[in-house]
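Notes follow the structure.
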Amino acid sequence: MTDDHVYLSLAEGSEDGDARWAFGTGFEDPLHGVDTVVPEVVDGRILAAYCLALGDDALVSAQRLAEWCTRAPELEEEVALANIGLDLLGQARLLLSRAGQAEGSGRDEDALAYFRDADALRNVRLAELPNGDFAFSIARLLVLATWRLALFERLTGSTDPVLAAVAAKGVKELTYHRDYAAQWTVRLGDGTCESHLRMQRGIEEIWPYVGELFATGPVEREAAAGGIGVDPAAVREEVGATLLQVADAATLALPALPADPHPGGGRWGEHTDALGPLLAEMQSVARAHPEATW
Amino acid sequence: MMPDNDGAHESANAAGSDAGEQQLQEHFDRTIAHDQRIEPRDWMPEAYRRTLVRQIAQHAHSEIIGMQPEGEWITRAPSLRRKAILFAKVQDEAGHGLYLYSAAETLGADRADLTERLIEGRQKYSSIFNYPTMNFADVGVIGWFVDGAAICNQVPLCRSSYGPYARAMVRICKEESFHQRQGYELLMTMMRGTEAQRRMVQDAVDRWWWPSLMMFGPPDGDSPNTAKSMAWHIKRHSNDELRQRFVDMTVPQAEKLGVVLPDPQLRWNEERGHHDFGTPDWSELKRVISGDGPCNAQRMTRRRAAHEDGAWVREAASAYAAKQAAGVAEQQQQEGRAA
C-alpha cells in the first residue's frame, strides 16, 4: 500500500496554502491584480450601501438555494442548484467585503452576514420568500437572474474597479443561471398539465414582488448619478422583454410589469416575515460563539 | 464515501457449459491475472458483473445519502468561507454519485432502478451516514475520519479490474483527499479557537471514531466473500488490513491536533510495527446495517421525499423531451416529403 501518501501528508502544510479554498474548488481570485483602494471620485458611503444591497440579494438567494440541497428532483439538479448557490455565495462574499471596505467600519463579510438583524438587510423581498415547489424556485431564479444579469452587464463599467471586476465575473455566472432557469421554465411550462399549472402558479405567486426590482431607491439614484451603480428602472424593459420571450416559449401567461413601481420593499429595509427565520438559522452558530474563529 | 465491505453474496459463476464460454472465461481469467482492465464490452462472468453492480450502486447510494449529515450544516455554517467550502463539498458528493451511477450503467444497470432499490431498502449504503451530526465540528471530523477512511478504501480501487469503476475512483479520490484536508484544517482552526470550540472537536472525535473504524466492514474472519472480490481484483486489500492502515495514519494526526482518540487500548506495538487498538462493537455495526441506527429512518425518509416530490418534475422533463423529439421527427418527415 504505497499510494495513500495524500493521507500521510495531511498534517503537513500544503504547498500552495489554503487560500485557494476561499471561493470553493477551482475558483480563481476575481480581484487578482485589481486595485482595491476606493478611488477618490467614488463616494465610499454610497458605494458601501450599493454593494451591501447587491451582496444581500446574493447572500439570501444562496441561503435559499442551499435549502434545496438533498431535496432536488434529480441529481443533475442537485449539482446545478448547488453550483448557482455557490456562485451567488461567492458574489455575496466579494460584495459584502467591498461594502465593509468602502464604509471604512472594519466590518468584514462575516460581520455583515452574521451580525445584522433583518431590518438592516437590504435584499429585495423576492430573494427571501420561502422556496415553495421546484416551479416556484425556478420562476424566482429566472426573474432574479435575468434582472441581476442586466444590472451586472452595466456594472462592468462601474467607476469602482472592484465592483466592475465582481460584475465581470458575475456576468458569466448569471448568464448560466438565467439559461438554466429559462430551460426549466420552458420544460415545465410545456411539459405535463401538472407542471404547466405549477409553473404558471409559480409566476403568479412571485409577481407581487417583481415590481420592487425596478423601483429606484435613494441609494440607487445616487449610485447611478456617480457612475458607481445602475438605476434599476433602466433595465426594466430589457428584463421584461427577456421574460416575455421565455414565457412565450413555455406557453405561459406573463402578467405585465408595473409601469411605475411603488417605492418600498427590501431596499428600504421592509421585509416579509420569512427573512427573520432565514437569518435565525443562518446566524445561529456564529452568534452562539461570537468570540470564535472558524 | 464507501459502502461497507460486507462482501459479495453471489456465488461464483458455474463453469461455462460449452466450449465457447470456457474460452471466454479463460480469456477473462488471463486478463485479471495480468492485472489488465475489463471494459464494458468485454465478456465477464455474470457473478463478476453482479458483484460490481452491487458494489458500485452501494457506493453511489453512499455518496447521495452521505450528502445529508453534512448538508444539514450548510445553512448554519458559521462563516461564509466555511459555508462555501461545505456547499462545494456536498455538491462534489452529488457529482460522485452521478459518476458512479454512470459506471454502474456501463454494466447494464439503470439509475432509476437503482434509486428505487435504495428507497425501498433493497440496496444498502454505508452505515456511517446513519449517525447524526451534532455540532459544527462534526463537519471537520467527517472530513478527517470518514473521507480519510474512504480514501483508504478507495485508493486501491483506482486499480480495480473494472475500467470505468477504476477511472471514476481516480477522480473521486482526488476530490476526497481535498475534502479531508479541508476537514482537518477546520479542526486545526477550531482547536486554536475558544475552549468551547475545543470541546466541540473532542466531542465529535469521541462520537465518530468507532463508527469510522466500522466503515472498513466486519473483521476478515466474518467477511467470507472478500476472498472472491480480491481474487477478481475488484478489491485489493482485506478489511482488517485497511482498518490497521487507517489507525496507523490517524494516530499521529490526532496527536498533532491535540485530541484524544477514545480507545484506552490504543498503543504502538514495536514488534508488529503497527498500533494495537480495541475491538469495535460489531453488534452495533450489525444493528445499524440492519436498519436500527440512530438516523436510518430519517435518511431514507429524506431521500424518498426528494424522489417523490420530484416525480412531477422528471415527468415534465420526459414529456417535454418527447414533444421535442416528435416535433423533430415531424419536421424531418415534412422535409422528406418536400424533397
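In what follows, chains are A, B, ... by sequence order, proteins preceding strands, each numbered from 1.
Salt-bridge formation is not detected for the pair B:Lys83/A:Glu109: no Lys NZ or Arg NE/NH1/NH2 atom is positioned less than 4.0 Å from an Asp or Glu carboxylate oxygen. Using a 4.0 Å cut-off between a side-chain N of Lys or Arg and a carboxylate O of Asp or Glu, A:Asp190 and B:Lys323 qualify as a salt bridge. For the pair B:Glu72 and A:Arg71, the salt-bridge criterion is not met [side-chain N within less than 4.0 Å of a carboxylate O].
Put simply, the residue from B:Glu70, B:Gln68, B:Arg302 that forms a side-chain hydrogen bond (donor to acceptor under 3.5 Å, both in side chains) with A:Thr70 is B:Arg302.
Within residues 131-141 of chain A, the residues having any heavy atom under 4.5 Å from a heavy atom of chain B are, by residue number, A:Asp133, A:Phe134, A:Ala135.
Expressed to the nearest 0.5 Å, how far NE2 of B:His307 lies from CD of A:Glu74 amounts to 8.0 Å. With rounding to the nearest 0.5 Å, the separation of SG in A:Cys193 from CD in B:Glu315 is 12.0 Å. One distance of note links CG of B:Asn135 with NE2 of A:His289; it measures 7.5 Å at 0.5 Å rounding.
For the pair B:Arg81 and A:Trp294, the NZ or CZ position fails the cation-pi test of under 6.0 Å to the six-membered ring centre and within 45 degrees of the ring normal.
Interface residue B:Val313: backbone and side-chain heavy atoms are both found under 4.5 Å from chain A. Within the 4.5 angstrom heavy-atom criterion, only side-chain atoms of B:Arg314, from C-beta onward, approach chain A. Heavy-atom distances place the side chain of B:Ile64, and not its backbone, under 4.5 Å from chain A. Looking at B:Ala196, the atoms closer than 4.5 Å to chain A (heavy atoms on both sides) all sit in the side chain, from C-beta outward. Only the side chain of B:Thr194 comes within contact range of chain A, with heavy atoms under 4.5 Å apart.
Using a distance-only test at 3.5 Å, with no hydrogens or angles considered, no donor-acceptor pair links the side chain of B:Gln91 to the main chain of A:Glu78. Proximity of a side-chain donor or acceptor of A:Asp110 to a complementary backbone N or O of B:Leu80 within less than 3.5 Å is detected.
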